[in-house]
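Below is one structure. I have some questions about it.
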Amino acid sequence: MLSGALPPVLIPADAIARRVDAMGEELSARLRGSAAPLLLVLMDGAFVFASDLVRRLHRPDLELRFVRASSYRGGMESSGSVALEPMPDLHGRSVVLVDDILDTGLTLATARTAALASCARSVEVCVLLDKPSRRRPGGLERAELVGFTIPDRFVVGYGLDHEGRWRQLPDICTLSA
Ligand code: IMP
Ligand code: MG
């Protein structure tokens, strides 16, 4: 990729905004029966998605927490080894894990196990993107709420990066052919 050129758009910003509107409604409906739900955002990739999503929930009793997850990627490939910061106190809470993308599923499987080990009452998973063809054994198979299912392409923008670049793009773009 030439440093001045922008990568091709896969999902434009207006389509993302419409889908995040709908996801806000879907998640609000799912959380209707839960008192004081806790949204646990996996950083760094989910920071743009989560900031748009939470402003569509209109829940005064929502608690928002962040944990950093790294999956040690060599370029565009996951090494399969996931590092996760310690969980906050989740005792008895209805937890929603929010991430940018469900790829091999190893990060979200690790985060879900850690949330249950911290005594969460329930754990649901909400992701903007899902690449189902990439799952590995031991990875989370499916999320309760998915924005877009995409093919096996490496994507950047709307918070997703490649080696620290491209997070600021308003569209979701493809780096791999
Ligand atoms: P996992 O392979 O499901 O464990 O995904 C772990 C993390 O890798 C995701 O939360 C993303 O931050 C990152 N990731 C996976 N696929 C992509 C991609 O296509 N673009 C940018 N980051 C990705
Ligand atoms: Mg991530």
Side-chain angles (χ1 to χ4, degrees), residues 1-3 5-13 15-16 19-20 23 27 38-54 64-88 95-118 120 123-177:
M1 179 68 50
L2 295 174
S3 56
L6 289 173
V9 174
L10 180 68
I11 309 173
I16 300 171
R19 184 66 189 117
V20 177
M23 291 178 86
L27 189 54
L38 191 150
L39 251 67
L40 192 58
V41 180
L42 300 188
M43 299 300 276
D44 300 326
F47 83 106
V48 176
F49 171 47
S51 73
D52 282 345
L53 183 68
V54 295
L64 195 51
R65 301 268 174 192
F66 303 87
V67 286
R68 178 164 276 177
S70 1
S71 62
Y72 297 119
R73 308 198 135 241
M76 299 181 188
E77 272 309 311
S78 166
S79 68
S81 139
V82 177
L84 192 65
E85 279 182 351
M87 287 278 145
V95 173
V96 180
L97 292 172
V98 178
D99 204 359
D100 50 0
I101 186 164
L102 182 55
D103 185 43
T104 65
L106 296 171
T107 301
L108 279 160
T110 305
R112 190 172 184 283
T113 301
L116 289 170
S118 297
V123 182
E124 293 193 315
V125 174
C126 171
V127 290
L128 179 67
L129 303 172
D130 185 8
K131 283 196 266 191
S133 61
R134 297 257 313 157
R135 286 308 181 277
R136 286 200 203 160
L140 187 82
E141 260 314 306
R142 55 174 295 279
E144 278 71 25
L145 188 52
V146 172
F148 300 93
T149 299
I150 60 168
D152 182 8
R153 310 276 285 278
F154 194 85
V155 289
V156 294
Y158 197 69
L160 292 107
D161 76 310
H162 178 243
E163 295 177 353
R165 284 192 70 194
W166 308 114
R167 290 194 200 275
Q168 76 281 14
L169 298 181
D171 310 305
I172 291 169
C173 302
T174 48
L175 280 194
S176 59

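Counting starts at 1 for both ligands and their atoms, in listed order.
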Q) Judged by atom type as modelled, is there a donor-acceptor pair below 3.5 Å linking the side chain of D161 to the main-chain atoms of W166? A)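 Absent.
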
Q.
If the condition is side-chain contact (heavy atoms from CB on, under 4.5 Å), which residues does S118 pass it with, not counting sequence neighbours?
A.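 If we apply the side-chain contact (heavy atoms from CB on, under 4.5 Å) test to S118, skipping adjacent residues, the hits are M87, L90.
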
**Q.** Under 3.5 Å donor-acceptor, E124 side chain and V96 backbone
**A.**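 Not a single qualifying donor-acceptor pair exists.
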
Q) Counting each atom of ligand 1 from 1 as listed, which ones have a heavy atom of D99 under 4.0 Å away? A)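 Those atoms are 10 (O).
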
Q.
Using heavy atoms and a 4.0 Å limit, tell me yes or no: is D100 in contact with ligand 1?
A.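 For ligand 1, residue contact (heavy atoms, under 4.0 Å) with D100 is present.
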
Q) Should you measure from each heavy atom of T104, which atoms of ligand 1 turn up under 4.0 Å away? A)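 Close to T104: 1 (P), 2 (O), 3 (O), 4 (O).
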
Q. So, does L129 sit close enough to ligand 1 that a heavy atom of it is under 4.0 Å from the ligand?
A.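 In this structure, L129 fails to qualify as a contact of ligand 1 - no heavy atom is under 4.0 Å.
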
Q) What do the steps show when you test L102 against V146 for side-chain contact (heavy atoms from CB on, under 4.5 Å), and what is the final call? A) CA-CA 9 Å; L102 182 55; V146 172; 5.6 Å; no

Q.
If I take atom CG from residue D130 and atom CZ from residue R135, how far apart are they, to the nearest 0.5 angstrom?
A.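 Rounded to the nearest 0.5 Å, the CG-CZ separation comes to 4.5 Å.
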
**Q.** Under 4.0 Å to a heavy atom of T107 - the qualifying atoms of ligand 1, by number
**A.**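 Reading through ligand 1 atom by atom, the close ones are 1 (P), 4 (O), 5 (O), 6 (C).
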
**Q.** Numbered atoms and elements of ligand 1 in range of F154, under 4.0 angstrom, heavy atoms
**A.**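 Once the distances to F154 are compared, the set is 17 (C), 18 (C), 19 (O), 20 (N), 21 (C), 22 (N).
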
Q. Would you find a donor on one side and an acceptor on the other, under 3.5 Å apart, between the side chain of R134 and the backbone of D103?
A.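 Not at all, since once roles are kept as given, no pair shorter than 3.5 Å links the two residues.
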
Q: Run the numbers for me: atoms of ligand 1, each under 4.0 Å from some heavy atom of S71, listed by number.
A: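 In order of number, 6 (C), 7 (C), 8 (O).
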
Q: Quick one: list whatever passes side-chain contact (heavy atoms from CB on, under 4.5 Å) with L106, sequence neighbours left out.
A: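 Here the qualifying residues are V82, T104, R136.
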
Q) Any donor and acceptor pair, going by atom type alone, linking the side chain of E85 with main-chain N or O of R68 inside 3.5 Å? A)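 Yes, the answer is positive, given that a donor and an acceptor are paired below the 3.5 Å cut-off.
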
Q.
Would G105 count as a polar contact of ligand 1, with the cut-off being nitrogen or oxygen pairs under 3.5 Å?
A.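 Such a contact does occur with ligand 1.
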
Q | ligand 1 N/O within reach of V155 N/O, cut-off under 3.5 Å | A |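 Yes, there is a polar N/O contact under 3.5 Å.
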
Q: Just jot down the ligand 1 atoms closer than 4.0 angstrom to any heavy atom of L106, in number order.
A: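 By the 4.0 Å cutoff, the relevant atoms are 3 (O), 4 (O).
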
Q: Answer yes or no for R136: is there a heavy-atom contact with ligand 1 below 4.0 Å?
A: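 In this structure, R136 fails to qualify as a contact of ligand 1 - no heavy atom is under 4.0 Å.
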
Q.
If we only consider heavy atoms of R153, is any one of them less than 4.0 Å away from an atom in ligand 1?
A.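 It does; at least one heavy atom falls under 4.0 Å.
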
(Q) Are the side chains of Y158 and V20 in contact, using a 4.5 Å heavy-atom criterion? (A)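 Contact flag for V20/Y158 side chains = yes.
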
Q: Heavy-atom distances under 4.0 Å are what count here, so tell me which part of L160 touches ligand 1: side chain, backbone, both or neither.
A: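 Only the side chain of L160 comes within reach of ligand 1.
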
Q) Against heavy atoms of K131, which atoms of ligand 1 measure under 4.0 Å? A)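 Numbered from 1, ligand 1 contributes 16 (N), 17 (C), 18 (C), 19 (O).
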
